[in-house]
Enquirer: 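My questions all concern the structure below.
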Amino acid sequence: MRRLAGLLVVPLLLLSTAACGSDDKGSDSASMKNGLPAITAGEKFGEKPTLAKGEGDPPKELKVNVISEGTGPVTKKGDALQVNYLGQAWDSTTPFDNSFDRGQPFDLTLGAGQVIKGWDQGLEGQKVGSRIEIGIPPELGYGAQGQGDIKPNATLVFVVDILKAVTIPKSATGTPVAQDDKDLPKVGTNTDGKAPSLTVPKVDPPTKLVSNYVLESNGEAVKATDTVVVNYVAALWKDGKVFDSTYTTGKPANFPLEQLTLKGLKNGLVGKKIGSRVLIVAPPSEAFGNEEKQGIPKNSTLVFAVDILTKM
């Protein structure tokens with residue numbers, strides 16, 4: 001089954017149990033603190049940090065230092081998190097990536113495999129409002145293959161501010177809305193967290209974008225600047241064949257709407273209420289047009305059943 005998410009969102013560097021690590025704090029120096037590189041400037045939560053270069057051998061296991069502890073809820077697997085971060089290789093003084101300069105926090109679902117393993121493990125069990133520093137050995141980072149400017153077998157160091165954590169509902173809820181247009185697909189109304197049925201009629205597809213409620217909640221309306229957490233089933237109109245579904249992995253997707261490259265999906269979600277289930281039919285002009293994408297034929301009309309579970 002094709003993974004559609006990679007076609008929808010501009011990829012970020014990080015896309016690809018409780019935190020563990022040694023209790024040995026290591027020796028402190030001007031450039032090291034508690035076994036990890038010291039923050040030499042911008043140490044407070046919310047400030048862009050500056051990290052020293054690591055000294056000596058890097059930790060062989062995941063190591064997490066709490067720089068400042070927040071007062072919010074404790075993060076748990078399955079939460080939608082919003083964070084700011086700066087990442088740097090152990091043997092470098094130059095960050096390879098950070099969200100502070102972009103002015104745009106990073107969103108992820110904890111434990112969903114959306115980020116490197118060191119993040120999934122290191123961020124679990126921390127309080128919202130905390131600043132933490134994570135030392136990540138290669139096997140929990142990018143391993144022997146590296147990634148972009150990150151060398152193979154690199155130990156990584158991240159400073160992460162945990163801004164927000166949201167519990168993700170298992171399903172959309174709300175009032176069922178009549179699906180009485182026989183020329184449009186029909187979507188199931190189950191709310192048990194399992195994939196809804198999606199039946200495409202054997203008629204010509206619509207030529208304009210369709211975005212209809214299947215279940216209408218009383219949540220707030222989605223804005224074009226929101227990041228939404230969704231479950232979805234995606235099918236081709238031509239034969240009704242499902243080509244992607246988050247339900248097969250049990251891991252919802254995070255869609256920063258400003259970064260969605262599939263126009264029909266973005267336009268179909270904006271204005272709809274959080275907590276709802278929506279049918280979206282995207283004609284080729286609002287999908288991939290005359291380009292073939294990962295086996296999706298050119299000039300395809302795409303059909304989505306989307307649960308808008310929450311937003312960040």
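Numbering of residues begins at 1 and proceeds along the displayed sequence.
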Enquirer: Have Thr191 and Lys170 got a donor and an acceptor in their side chains that come within less than 3.5 Å?
Expert: no

Enquirer: May I ask you to check whether Asp107 and Gln82 show a side-chain donor-acceptor distance below 3.5 Å?
Expert: yes

Enquirer: Rounded to the nearest 0.5 Å, how far does CD1 of Ile162 lie from CZ of Arg131?
Expert: 11.5 Å

Enquirer: Find the distance between CD (Gln179) and OG1 (Thr199) and round it off to the nearest 0.5 Å.
Expert: 9.5 Å

Enquirer: Is it true that the side chains of Asn153 and Tyr142 contain a donor and an acceptor less than 3.5 Å apart?
Expert: no

Enquirer: About how many Å separate CG of Asp307 and OG of Ser276, when rounded to the nearest 0.5 Å?
Expert: 9.0 Å

Enquirer: Keeping Trp90 on the side-chain end and Gly56 on the backbone end, is there a donor-acceptor pair under 3.5 Å?
Expert: yes

Enquirer: Are Asp120 and Lys117 close enough for a salt bridge, meaning some N to O gap below 4.0 Å?
Expert: no

Enquirer: Measuring from Ile296:CD1 to Lys241:NZ, what's the distance to the nearest 0.5 Å?
Expert: 11.5 Å

Enquirer: Could you tell me the separation between the NZ atom of Lys151 and the CG atom of Asp91, rounded to the nearest 0.5 Å?
Expert: 5.5 Å

Enquirer: Determine yes or no for a side-chain-to-main-chain donor-acceptor pair under 3.5 angstrom, with Asn267 supplying the side chain and Gly264 the backbone.
Expert: no

Enquirer: Does either side chain, that of Lys272 or that of Ser211, offer a donor lying less than 3.5 Å from an acceptor on the other one?
Expert: yes

Enquirer: Looking at Ser130 and Gly70, would you say the former's side chain and the latter's main chain have a donor-acceptor pair under 3.5 Å?
Expert: yes

Enquirer: Quick check: does any side chain N or O of Arg277 sit under 3.5 Å from a backbone N or O of Gly174, one acting as donor and the other as acceptor?
Expert: no

Enquirer: Is a side-chain donor or acceptor of Thr75 paired with a backbone partner of Gln126 at a separation under 3.5 angstrom?
Expert: yes

Enquirer: Would you say the side-chain atoms of Glu258 and Thr225 include a donor-acceptor pair closer than 3.5 Å?
Expert: no

